[in-house]
Structures are given as C-alpha cells and as structure tokens.
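Everything below concerns the one structure shown next.
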Number of protein chains: 4
Amino acid sequence: MLARVPTSFKRLPRAVREQQMLDAAVKVFSRRGYHAASMDEIADDAGISKPMVYAYLGAKEELFTACLHREGTRLMEAIAAAVEPDLPADEQLWRGLRAFFRFVGAHRDGWAVLYRQARGEPPLAGAVVTMRGRMIDVVTGLLERALAARGREVRASELEIMAYALVGASESVADWLADHPEADADRAATRMMNVAWLGAGQLLDGELWRPADAG
Amino acid sequence: MLARVPTSFKRLPRAVREQQMLDAAVKVFSRRGYHAASMDEIADDAGISKPMVYAYLGAKEELFTACLHREGTRLMEAIAAAVEPDLPADEQLWRGLRAFFRFVGAHRDGWAVLYRQARGEPPLAGAVVTMRGRMIDVVTGLLERALAARGREVRASELEIMAYALVGASESVADWLADHPEADADRAATRMMNVAWLGAGQLLDGELWRPADAG
Amino acid sequence: MLARVPTSFKRLPRAVREQQMLDAAVKVFSRRGYHAASMDEIADDAGISKPMVYAYLGAKEELFTACLHREGTRLMEAIAAAVEPDLPADEQLWRGLRAFFRFVGAHRDGWAVLYRQARGEPPLAGAVVTMRGRMIDVVTGLLERALAARGREVRASELEIMAYALVGASESVADWLADHPEADADRAATRMMNVAWLGAGQLLDGELWRPADAG
Amino acid sequence: MLARVPTSFKRLPRAVREQQMLDAAVKVFSRRGYHAASMDEIADDAGISKPMVYAYLGAKEELFTACLHREGTRLMEAIAAAVEPDLPADEQLWRGLRAFFRFVGAHRDGWAVLYRQARGEPPLAGAVVTMRGRMIDVVTGLLERALAARGREVRASELEIMAYALVGASESVADWLADHPEADADRAATRMMNVAWLGAGQLLDGELWRPADAG
DNA sequence: AATGAATGAGTTTTCATTCAT
DNA sequence: AATGAATGAAAACTCATTCAT
C-alpha cells in the first residue's frame with residue numbers, strides 16, 4: 001500500500017494526481033462493481049472534486065478503461081519479468097502461471113476483479129477485447145516458441161483456442177483463489193499447472209507434475 | 001381435439017405468461033447487460049405491462065436470478081442427457097463437453113451470456129455461487145467416478161480446483177465461440193477436449209485426441 | 001374480538017361480508033396508516049378478493065370513510081349510553097369523558113387512530129368535518145342544556161369554540177393514553193375532567209374535582 | 001452599498017437555496033398533504049431541480065422533518081418572545097396563547113398544518129414526538145413556575161396530562177381558526193383562555209376572564 | 001487550477017382500479 | 001357471485017455530466 005498523500009498537498013503535478021485518482025477508482029470499482037461505483041465516491045476517495053476527474057481522466061467508461069489498462073499492464077509486466085524465453089516450455093508456463101497467481105493473490109482488488117466485471121458489461125466490451133488480446137498474445141507466443149523448439153508448426157486458430165482455454169482456466173482458478181482467502185497462491189498455481197500441462201487423462205492415471213525449485 | 005387457442009392473446013394463464021416473460025428477460029438481459037436492461041424493455045418485449053412482471057417474477061434481481069436458473073437448468077439437463085455414467089472417463093468428458101458447446105452454440109443468448117454478466121455484479125453474487133456450484137458438482141462427479149474406476153482417490157479440494165479449471169476453460173472457449181459466429185461448436189469441443197484431456201505437454205509433442213464417433 | 005369466521009364459509013350474506021371487510025380495513029388502516037395501507041392487504045386480510053371490496057364498499061377513500069363512520073358511531077353510542085340528560089352538567093361531562101376514554105382505551109386500533117390519520121389527509125377532509133361535527137354537536141348540546149338549566153344563554157359561536165377546545169383537549173389526552181399503554185383510562189378521564197371543569201386557575205390553587213362514584 | 005443582487009437568479013449559495021426549498025416545501029406540504037405532495041412539485045415551486053433538493057435536504061421524509069423543525073422553532077420563538085417569566089401565571093398563559101394564535105393565524109400554511117399531517121403518518125412519528133415534546137415542555141415549564149410561586153408541587157405526570165390537554169385544546173381551536181378565515185386570532189385566544197383558565201364549571205356560571213390590556 | 005452549484009434524463013417500483021371469465 | 005389477470009399512471013430517487021465562478 002502506498003502511504004496516503006495528505007490532502008493538504010495542493011497543486012500536485014498532473015501525473016501524481018492521475019495516479020491518486022486511479023488508485024481511488026480501482027478501489028471503488030473493485031469494491032462496488034462498475035455500475036454501483038459512483039463518480040462521487042471515486043472523487044471523494046481521491047480527495048479531489050469531480051470536475052477534476054473528468055478533466056484528467058474523462059468519463060466513467062474511460063476512467064474504468066484506464067484502470068483496467070494500468071492494472072493489466074502491471075500484471076503483464078509481472079508475468080514478463082518471470083518468464084525467460086530460453087527455458088523449456090513447461091518451465092516457462094510454470095513461471096508464468098506462478099507469477100500470474102502470485103500477482104492476483106497479492107492484488108485482490110486489482111486486475112482480476114476489474115476484468116471480471118468488465119466481461120459482463122457491453123459498454124466495456126472494447127476494453128476487454130484489448131486486454132484479453134494481450135493475454136492471449138502472451139500465451140500464444142509461449143506456445144509458438146515451444147512448437148518452434150520442437151520443429152513443429154500449428155495453425156494460428158488452433159493455438160488461439162488453446163490459449164483461450166489456458167487463460168480461461170487460469171481466470172477461473174484465480175476466482176477460486178479470490179473466493180478462498182486462506183488459500184496459497186503457489187499451491188493454486190501448481191494445481192493449475194498440472195491440469196494445463198498433463199491434462200485430465202494423465203492426472204486421472206496418477207501422473208503428477210512438480211515444480212523443480214522450491215521458491 | 002386440441003383446446004381452442006383464443007383469438008385474442010390476452011388473459012393467458014400465469015404459467016404461460018411467466019415463460020413469455022422469462023423469454024423476453026433472457027433476451028434483453030443478454031443483449032444489453034444486466035444494468036442497461038430496463039424493466040420497461042423487458043415488459044414491452046414480453047408483450048405485457050410492467051406490473052405483471054413484478055407481480056409474477058418480482059424485482060429485477062429476482063427476475064435475473066430466475067432467468068439464470070432456468071437457463072442453467074436447461075444446460076445442465078442437456079449435459080446430463082448426453083453423459084452416460086458407464087462409459088470411460090474420456091468418453092464421458094467428451095460427450096459432456098460436446099453437449100456443453102452445442103448448447104452454448106445453439107443458445108447464444110442464453111446461459112453463457114447471463115452467467116458472464118452475473119459474475120461481475122456484486123448484487124448477483126448469490127445466484128452465481130449457486131449456479132457455479134451446480135456446474136462444479138457435475139464435473140467433480142465425473143472425475144470422481146473416473147478415479148473410482150481406476151481404484152484411486154484424491155482430496156476433494158484437489159478435485160475442486162481441477163473442476164474450476166475445466167469449467168473456466170470451457171467458459172472461455174465458449175466465449176471464443178460466441179465471438180466467432182461462423183465457428184463450429186463441435187470443432188471447438190474437440191479442441192477443448194484435447195487441451196483438457198491431453199494437456200499442453202502432450203499437445204506440444206504432437207499427440208492428438210480424436211472423437212471415436214462421427215456424430 | 002369477534003371470532004374469525006372461517007374462510008370456507010362462502011356465499012355469506014352481504015351484510016356479514018361487509019363487516020368482515022370493515023374489520024380488516026380498520027385493522028390495516030390503523031396499523032399502516034391510510035396511505036401505506038394497500039387494498040391488497042385489506043382484501044387479503046378480509047379473506048376476499050379485491051374486486052369484492054370494490055363492489056361492496058367502493059374505492060379506498062369511501063372504504064376509509066366507511067371505517068371512520070362505523071367506528072365513530074360506535075364511540076358516539078358508547079358516550080350517548082353513558083350520559084343521562086337529567087343529571088347535572090358536571091356529572092354529564094364526567095360520564096361522557098369517562099365513556100370516551102374508556103372506549104378509546106379499549107379500542108386502541110379504532111376510532112382514535114383513524115381519526116388522527118384522517119385529520120392530516122386533505123382527501124379525507126370531508127369525512128373529518130362530518131365526524132367532528134357530530135362530536136361537537138354532542139358537546140354543544142350538553143353545554144346548552146347546562147346553560148338552560150341555569151337560565152342563561154350564550155352565542156352559538158362561543159359555545160362552538162368551547163366545544164372545540166374540549167374535544168381537542170380530549171383527543172390530545174386520548175393520544176397520550178394511546179402512547180402510554182400502561183396508563184389507566186379512568187385516571188386519564190379524571191385528569192381531563194379536572195382541567196375541563198375547573199380550569200388551570202383553580203387547579204393551580206390546589207382545588208380538585210373528584211368523581212362522586214367509584215365505578 | 002448593498003451587495004449587488006445578480007441579474008440572473010442562478011447559482012445561489014447553499015444557505016439561500018435551502019431556505020427557498022423549505023419555503024416551497026412548507027407551501028406544498030400544507031396544500032396537498034404529505035403524501036399527495038410530490039417532490040417534483042416542491043422542486044418546481046422552489047425554482048430548482050429535484051436533485052438539488054435531494055442533495056441539500058435529503059429524502060422526502062427528511063425534508064418534511066426539516067420543514068416541521070423550522071416552522072416549529074419559529075412558533076416556539078414567537079411564544080418565548082411573548083412570555084415574560086416574572087408575570088403572574090394567568091398573564092403568562094394569556095400571552096402565550098395569544099402569541100400562539102396570532103402566529104397560527106398569520107401563518108395558515110405553516111406549523112399547524114404540518115403538525116396535523118405528521119400526527120397521522122407513521123413514518124413521521126419520530127418528528128412529531130420531538131416537536132410535541134418541545135411544546136409540552138414549554139407549557140409544563142409555565143405550569144411549574146406557577147406552582148412554585150404558590151409554594152405547591154405536583155407530580156410530573158399530572159402536569160404532563162394537563163399540558164397535553166392545553167396543547168390539544170389550543171390545536172383544536174387553531175383548527176377552528178384555520179377553518180374560519182374571517183375569524184379574529186385574538187378573540188379566539190380570549191375564548192381559549194377562558195376555557196383553559198376558568199374551566200367549564202365557572203364559565204357555565206357566567207364568570208368571565210378578560211385580558212387586562214387592549215393590545 | 002479547482003470547485004460548488006446545478007440538472008436532464010432515466011430507473012425501479014408501487015398501487016388503485018377494472019376487465020373478462 | 002366471485003376472481004385471476006391485467007394495466008395506466010405516477011412517484012421517489014440516483015447519477016453521470018457540465019457550467020459559472
């Protein structure tokens with residue numbers, strides 16, 4: 001948590017103000033949902049007047065999009081930092097999943113919640129398409145590299161479905177994680193990795209995938 | 001022989017009206033989203049006045065819940081009808097997935113859309129928990145039977161996460177299907193089955209699962 | 001309380017049905033207030049369908065008026081039965097007041113509550129004027145007889161104001177009684193009699209009026 | 001010298017708007033009654049939009065309460081200004097009553113009407129209790145001082161009933177005054193004073209109380 | 001640069017009342 | 001005689017958004 005900047009600091013540079021607003025918006029959107037969140041509450045929470053919010057970040061929809069964008073980027077950066085392109089595919093997938101669940105587990109008010117809300121709201125469809133596209137791209141890239149390393153090639157649409165399945169499964173397990181606050185992010189990542197890598201067939205036969213490292 | 005259908009469409013019995021209303025509500029909720037859907041439009045679309053909607057199905061939230069319940073039950077019935085408990089696990093999973101995607105593909109305004117919306121809306125959380133529980137139960141049951149057939153046993157929470165992953169993956173691929181109207185439901189089901197059954201590991205190595213039948 | 005007539009008794013004579021409805025209406029109006037009382041609840045409580053209420057007792061306003069009329073008449077009859085025109089004025093006033101407070105105390109859901117509600121509602125003004133007129137007439141008659149017995153005469157408008165004051169004071173003390181369920185009706189009547197008969201001047205000097213009898 | 005009154009009546013400071021709204025609300029509530037009064041009409045009458053009413057004075061119930069409070073306070077102040085604690089009790093009572101009737105007569109849309117409405121409305125019960133308490137306190141205080149001057153003492157509950165009677169009688173005569181627009185407030189006050197001070201017993205015997213002064 | 005004042009437009013919900021059977 | 005079905009009309013309340021200062 002960032003220390004709250006005292007309200008007495010007036011005339012802050014624009015960039016700082018914008019971050020304050022986004023912090024407040026993420027908080028309120030997460031807590032109340034897109035519709036139930038009121039611009040009033042967001043402005044109040046940011047310690048700023050409503051017209052300023054409009055002046056800096058635009059209307060409600062844009063504001064939400066900006067939140068989603070910022071949180072999504074942070075998530076993507078966390079994943080990117082964890083994955084090293086030269087490792088084998090399973091290690092890459094594992095590190096990516098682990099980073100994903102760690103991030104989601106650590107920011108329970110952030111991207112996962114916003115994304116979940118956005119998915120059901122037609123007016124936010126655009127933002128969702130954009131963000132999901134970025135996630136799909138990450139996964140697709142990983143798969144493509146893995147295939148290339150094996151000297152194989154697969155139609156793009158096949159890869160895309162697979163990426164959808166992986167992303168959807170991860171989101172769902174992230175939901176499970178969000179609903180079980182006592183659960184451990186790394187354990188969830190391990191389970192997810194098992195399903196994703198081995199598939200139900202091998203799992204049912206008792207096969208198991210285990211992380212190589214401890215951390 | 002049949003009872004005479006009245007020439008004017010007025011004064012229908014309650015049960016009929018309720019179905020008309022639910023039809024309209026599912027349509028409008030799907031098209032507009034929960035919040036943007038107005039009770040006015042739903043009533044109009046059902047060809048009935050608003051007070052009747054309130055009298056028969058209650059306030060907006062209850063109405064949505066009723067929609068979700070009806071559509072979810074239909075989906076579940078479609079899946080249940082397709083799965084035969086005595087078949088091997090992969091065949092069961094396949095038939096279940098195929099039934100799921102066929103249903104979702106055939107009712108693009110139905111369960112999948114409502115469910116997606118409900119997930120982001122705090123006020124609808126209760127309904128989501130109930131419905132998701134039913135889906136998870138179906139998948140968990142399937143996995144349990146498969147394990148039993150192999151003489152193995154696994155902790156309930158492990159199974160649950162696996163079920164979450166499968167359900168989430170399916171939902172996500174269903175989204176993909178919803179976004180690609182030209183796509184074929186059975187092909188999507190096959191892709192999904194591959195990911196779910198074989199896992200990324202074997203898929204990347206070129207293994208492939210194929211349906212046994214043609215239907 | 002009348003024993004509830006079982007709903008299975010259908011086709012009751014009109015007069016009986018009307019009393020059932022009035023019973024229900026008095027109850028619901030008293031409990032909820034004129035506006036918050038819904039015709040639905042009244043019909044339900046009477047164990048009858050709404051159209052019947054309309055057919056027998058008319059619209060909501062008429063229904064309320066009918067309630068007020070019935071309860072008011074009962075009150076007036078109770079007072080009339082208690083007052084004997086040949087007694088001295090103070091004895092008459094005392095008996096009238098005592099009957100009034102006893103009645104109000106015994107029917108805490110009846111006349112007093114309805115009347116209080118009606119007073120503030122412009123649409124019910126007519127009914128209030130009528131009922132209050134009847135009360136004022138009773139008091140005015142009492143005062144006139146008392147004056148006649150003393151061989152005096154006073155302008156009608158003077159008497160009228162006096163009657164207003166007495167009626168208003170009684171209503172107010174009745175309110176006090178309604179708000180103090182543990183209070184005793186006869187004690188309240190005695191206090192009221194003291195104020196009304198002796199006036200503040202004598203009361204402050206310690207004079208006291210006491211009922212002659214014990215009953 | 002005076003601050004320039006803006007040519008357009010827009011953008012007034014909050015305090016001013018609040019008074020305008022209260023003025024309009026008192027008017028509309030008095031004319032139509034609590035329920036029949038619509039927030040729309042009140043806003044229109046105040047020359048402002050509905051949301052401002054909600055923003056400044058809250059929901060309908062709070063708005064009504066605020067009206068009652070303002071008008072009640074004005075009435076109480078008028079009475080307090082008229083009564084001088086060092087005068088004899090009858091003089092105090094007389095001045096109080098006169099101030100009361102003058103005020104009520106001069107503000108036929110104010111306190112008396114609102115109070116009458118509030119009494120019958122269950123949702124406004126709280127406000128009524130508060131306001132009536134203040135009136136009762138004023139009268140009780142007067143009576144206590146009078147008793148103390150005579151060296152006597154009386155139980156609080158006795159005084160309370162007496163106060164109820166006096167307040168109720170005054171309200172009723174105020175009603176009479178409201179229904180007789182040609183009537184004179186001071187004459188009504190004199191009549192009321194006679195009943196209250198002398199009581200029916202002495203009045204019937206021809207005794208009469210008269211104000212000492214002419215004003 | 002910053003905000004208090006202001007509103008248009010829309011929504012859910014309720015209720016008295018009446019047909020058609 | 002009795003009722004389930006049906007509705008017109010209105011009311012309270014909220015919110016995103018913008019002026020004017």
Side-chain angles (χ1 to χ4, degrees), chain A residues 10-14 17 35-43 47-56 58-64 123, chain B residues 6 8-18 35-43 46-56 58-63, chain C residues 10-14 17 35-43 47-56 58-63, chain D residues 6 8-18 35-43 46-56 58-63:
Chain A
K10 303 243 161 180
R11 310 253 162 187
L12 295 174
R14 175 165 185 145
R17 273 276 147 87
H35 266 99
S38 82
M39 296 298 273
D40 268 293
E41 186 176 358
I42 292 170
I48 213 110
S49 74
K50 255 189 303 179
M52 288 302 291
V53 179
Y54 279 88
Y56 279 13
K60 194 180 187 181
E61 209 177 304
E62 291 168 77
L63 176 57
F64 186 90
Chain B
S8 92
F9 281 72
K10 307 219 155 191
R11 257 324 108 185
L12 297 178
R14 174 168 185 151
V16 175
R17 281 288 191 228
E18 279 183 348
H35 266 100
S38 83
M39 295 299 272
D40 265 299
E41 188 177 355
I42 292 171
I48 209 91
S49 71
K50 245 187 310 178
M52 287 301 291
V53 180
Y54 280 89
Y56 283 179
K60 196 179 187 181
E61 207 176 307
E62 291 169 78
L63 176 57
Chain C
K10 303 245 159 175
R11 311 254 162 185
L12 294 174
R14 174 164 185 147
R17 274 275 148 85
H35 267 100
S38 81
M39 295 299 271
D40 267 293
E41 186 176 357
I42 292 170
I48 212 111
S49 74
K50 254 190 303 179
M52 289 300 293
V53 179
Y54 280 87
Y56 278 14
K60 194 179 188 183
E61 208 177 305
E62 291 169 76
L63 176 57
Chain D
S8 92
F9 281 72
K10 308 217 155 192
R11 263 311 119 184
L12 298 178
R14 175 169 185 150
V16 176
R17 282 289 191 229
E18 280 183 346
H35 266 100
S38 83
M39 297 298 273
D40 267 297
E41 186 176 358
I42 292 170
I48 208 94
S49 71
K50 241 188 314 177
M52 288 301 292
V53 180
Y54 280 89
Y56 282 0
K60 196 178 186 181
E61 208 176 306
E62 290 169 80
L63 176 57

Heavy-atom pair of closest approach, residues [X] and [Y]:
| X | Y | value |
| --- | --- | --- |
| D/Arg11 | D/Arg17 | N-NH2, 3.9 Å |
| D/Tyr56 | D/Glu18 | O-OE2, 3.8 Å |
| C/Met39 | C/Lys50 | O-CG, 3.9 Å |
| B/Ser49 | B/Ala43 | C-CB, 4.0 Å |

Rounded to the nearest angstrom, tell me the gap between atom [atom1] in [X] and atom [atom2] in [N].
| X | N | atom1 | atom2 | answer |
| --- | --- | --- | --- | --- |
| C/Tyr54 | F/dA2 | OH | P | 18 Å |
| C/Met52 | E/dT17 | CE | C1' | 16 Å |
| D/Glu61 | F/dA11 | CD | P | 18 Å |
| B/Glu41 | E/dT12 | CD | C1' | 15 Å |
| A/Leu63 | F/dC15 | CG | P | 16 Å |

Distance test, side-chain N/O of [X] to OP1/OP2 of [N], below 4.0 Å:
| X | N | result |
| --- | --- | --- |
| C/Tyr56 | F/dA1 | no |
| A/Arg17 | E/dA2 | yes |
| B/Arg14 | F/dA6 | no |

| field | Non-neighbouring partners of D/Lys60 that pass salt bridge (Lys or Arg N to Asp or Glu O under 4.0 Å), sequence neighbours left out | value | none
| field | All side-chain contact (heavy atoms from CB on, under 4.5 Å) counterparts of C/Ala59, not counting sequence neighbours | value |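 For C/Ala59, the residues satisfying side-chain contact (heavy atoms from CB on, under 4.5 Å) (neighbours in sequence not counted) are C/Tyr54, C/Glu62.
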| query | side-chain contact (heavy atoms from CB on, under 4.5 Å) with D/Glu61: which residues, sequence neighbours excluded? | reply | D/Tyr34, D/Pro123, D/Leu124
| field | Secondary structure of DNA chain F in dot-bracket form (Watson-Crick or G-U wobble, distances below 3.5 Å, | marking inter-strand pairs) | value | .||||||||||||||||||||
| said: Under 4.0 Å, heavy atoms only, any strand: does B/Ala55 hit a base, just the sugar-phosphate, or nothing? | reply: nothing
| query | Taking for each residue the nucleotide of DNA chain E with the nearest heavy atom, is it C/Gly58 or D/Ile48 whose nucleotide lies nearer the 5' end? | reply | D/Ile48
| Closest to side chain of D/Arg11, choosing from E/dT12, F/dT3, F/dC19 |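 Of the candidates, F/dC19 comes closest.
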Within the sub-3.5 Å range, which N or O atoms of nucleotides 9-11 of chain E have a protein N or O partner, and how far apart are they?
none

| task | Output the distance between atom CZ (A/Arg14) and atom CE (A/Met52), rounded to the nearest 0.5 Å. | result | 8.0 Å
